[in-house]
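Note that this is a predicted model, so its numbers are computed, not measured.
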Amino acid sequence: MERSAKVLLYAILAGIVLILVSVGLAAATLAIVNSRLKETTTTDAPPFNSKYVESLQFSDVMKHLNELQTIATGANGNRAINTRGFNQTLDYIYNSLTLNTNFKLQKSFFYLRNFVPAGNPILLTSISGVERNRTYSTTLSASEFAIVQYTRSANFASHIPITVIPNLGCSDSDWTSATPPIDGRVALVKRGTCSFIEKALLATKYKAAALLTYNDGATGNVAPIVTNLGQDNEIPALFLSYTLGQELVDAAQDPLKNVGVRLIITMADESRYPVGNICADTPTGDATQTIVIGSHSDSVPAGPGINDNGSGSAANLGLAIALAKLFQTSTYPQYKYRVRFCWWGAEEVGLLGSDFHVKQADNATTVGERLQDYLINLNYDMLGSPNYIFGIYDGKSANPNTPPQALPGSNKITALFRSWFEQQKLPWDYTDFSGRSDYGPFLAKGIVAGGLFSGADERKSFEQRDRYDQILGQGMGGVAGAIQDPCYHQACDSIQNINVFAYERMVQAAAFMLEKLAQQDNLKEFLYPSAEIQRLNKQGKPQRMYNSINEYFGLPYL
């Protein structure tokens, strides 16, 4: 081998070794962090000053979490909705509550539609009598259009003329002023301002034969994107690239060009399947003043979901059982307020379980089941991320359309969590309160909300690493630049993915918060101070249609 080739080979080998060493060091660092953090649980710990926190056996919480791993292992590696793993998760939660509490249990079901296309959709366009079969690819950058989730089937026998909807199609006037009138024609609408679901509802209302939405051409917004019209959609729909959409818009300005389209979309399975929610109520406490503790019980199909959100589900179960045991003693007073522990289904496909529950409560008339009976929702979704943060939902970052009455109390919950971590000599961070977890439907209806989050696919900053090091001890701040949960929505989100130290502290913080709220003399006034709410109401708030799918997938203005 020539000397230059040997040098090149050695350089390559050295690079490979360096990469392997770097990866190994990162893994080793996380392992050391976990080990050292565990050691601190028995030394220099400030007093809890809380019977509830002190009574909570974290080993019981870990037992529940291990059971969820066992369920996933025996059920094709996941606990996603419409699988054996999800159904067994619900059975485990329900049976554990039945055996260990005297709480009133209820299991409610809602039905979701399967979305299984039979094959690739076909879009044929006709301009001035020239027909073109438009390019479809699952690689969006190479495709002229994309299939829309929950589109209905379509098989046009011939080309149907299009109508371009003005002003982004977000109001009734946009649709009634469209020319030619939309009735029976295909609607072509540009992305923007309102959600895809709002556009689809208007298209259905005005009897469009199909809905074609196209990208807006802004920086980076040219290729088609995958969108979701929700379970109740009743119209065939595709999403077009900006280039194709603008081509059709330009052609449609000349009525002599006779612009039309033919759609062929075939769905193989649109059957419906049940998804369950579970709620457990304390037998005492005012049912018209209810504290709701929530977590979601489903994983993504890719993995067992032990951090996301087995950690929240197991914590919720541990909190419920520990409280039931405390209530059976003579030394712990019953709470003035009812507590409702809930496990929501289908969070991973758009907060559907919590959204269903809130809609049911909004229409309920039975005392204790009405939305007006709820004072607060505390949400626990991902509590044990390996490269964790102690994340507190920041009430100040709530969606600007949040009803004003929910804001003062939500900010108070943020402050209370912050005080807990500071009293326990633990670092903390604010985390986004945009509505992308199961508190979202509650908050959108004006219910105070709050909660904790240990991190997903964000990266831990150097500032965070250094600050956590300073408070917890050198080398204990995690890995700067690394993802907070490298196994987020992946097959490796297993029991080994849990940072036990962080998880225990988060569960303790959740117990502290429940007890703190339950001990308030007037929780309603504490969370909804009348003078502050009157001031906020005078400011006025913009209103828009809330849709949990858009909130979850981060698509509020599309």
Side-chain angles (χ1 to χ4, degrees), residues 97 101-111 232 275-297 316 320 323 334-347 351-380 398-399 401-410 412-413 435 437-451 513-514 517-518 520-530 532-534 536-537 541 543 545-548 551:
L97 292 166
T101 76
N102 61 345
F103 291 177
K104 178 183 176 183
L105 307 184
Q106 54 179 299
K107 187 184 291 185
S108 58
F109 291 91
F110 55 99
Y111 287 81
D232 299 324
V275 178
N277 287 335
I278 294 173
C279 287
D281 298 342
T282 55
T284 58
D286 185 354
T288 68
Q289 299 187 79
T290 297
I291 300 168
V292 181
I293 314 293
S295 55
H296 74 85
S297 53
N316 207 2
L323 186 61
Q334 305 290 310
Y335 290 165
K336 179 179 179 180
Y337 313 101
R338 183 181 69 174
V339 182
R340 170 168 281 182
F341 297 91
C342 292
W343 292 261
W344 315 117
E347 188 268 356
L351 318 179
L352 299 185
S354 55
D355 189 57
F356 170 79
H357 183 89
V358 168
K359 286 176 178 175
Q360 293 292 104
D362 201 23
N363 294 318
T365 57
T366 303
V367 173
E369 302 302 322
R370 305 166 302 178
L371 195 62
Q372 69 194 62
D373 298 325
Y374 289 167
L375 295 181
I376 183 172
N377 171 237
L378 294 170
N379 186 70
Y380 300 116
N399 188 294
N401 298 285
T402 300
Q405 67 265 27
L407 298 176
S410 296
K412 286 185 176 182
I413 298 306
S437 192
D438 285 306
Y439 64 87
F442 291 88
L443 194 64
K445 281 293 184 179
I447 305 298
V448 168
M513 180 58 72
L514 175 53
L517 296 177
Q520 292 291 324
D521 290 333
N522 189 340
L523 182 57
K524 188 169 186 178
E525 179 62 25
F526 176 77
L527 295 174
Y528 301 89
S530 52
E532 177 66 6
I533 290 171
Q534 287 176 9
L536 290 170
N537 281 332
K541 286 284 183 178
Q543 297 296 314
M545 185 183 77
Y546 175 81
N547 182 270
S548 64
E551 298 297 325

Below 4.5 Å, heavy atoms only, C-beta onward: do [X] and [Y] meet side chain to side chain?
X	Y	result
S548	L352	yes
T402	L407	yes
I447	L371	yes
L323	F341	yes

Exercise. Kindly indicate, with the supporting measurements, whether the criterion side chain to side chain donor-acceptor pair (under 3.5 Å) is fulfilled by T282 and R338.
Key: CA-CA 6 Å; T282 55; R338 183 181 69 174; over 6 Å; no
Self-check item: Stepwise side-chain contact (heavy atoms from CB on, under 4.5 Å) test for I376 and I413
Solution: CA-CA 10 Å; I376 183 172; I413 298 306; 3.5 Å; yes
Enclosure of [X] [atom1] (heavy-atom neighbours >12, cutoff 6.0 Å):
X	atom1	result
N522	CG	yes
F109	CZ	yes
K336	NZ	yes
K524	NZ	no

Exercise. For D355 and P441, indicate whether the former's side chain and the latter's backbone hold a donor-acceptor pair under 3.5 Å.
Key: no
Exercise. Return the set of residues passing ring-ring contact (aromatic ring centres under 6.0 Å, His included) with F110 (not counting sequence neighbours), or none when no residue passes.
Key: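 Listed in chain order: F356.
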Quiz prompt | Pairwise side chain to side chain donor-acceptor pair (under 3.5 Å) hits with a residue in residues 369-380, at least two apart | solution =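 As it turns out, the side chain to side chain donor-acceptor pair (under 3.5 Å) pairs with a partner in residues 369-380, which skip direct neighbours, are R340-E369, R340-Y374, H357-Y374, R370-D373, N379-Y393, N379-S437.
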Quiz prompt | Set of residues satisfying side chain to side chain contact (heavy atoms under 4.5 Å, CB included) with respect to Q534, sequence neighbours excluded | solution =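 Here no residue qualifies.
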Exercise. Quick one: sort the F442 and W344 rings into parallel, tilted or perpendicular, breaks at 30° and 60°.
Key: tilted
Quiz item: Given the rule in the side-chain contact (heavy atoms from CB on, under 4.5 Å) test, do Q405 and V448 qualify, once you have shown the distances and angles that lead to the verdict?
Solution: CA-CA 8 Å; Q405 67 265 27; V448 168; over 6 Å; no
Exercise. Please report the shortest heavy-atom distance between N316 and S295, naming the atom on each side.
Key: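 Answer, listing the atom of N316 first, then S295: ND2-OG, 3.1 Å.
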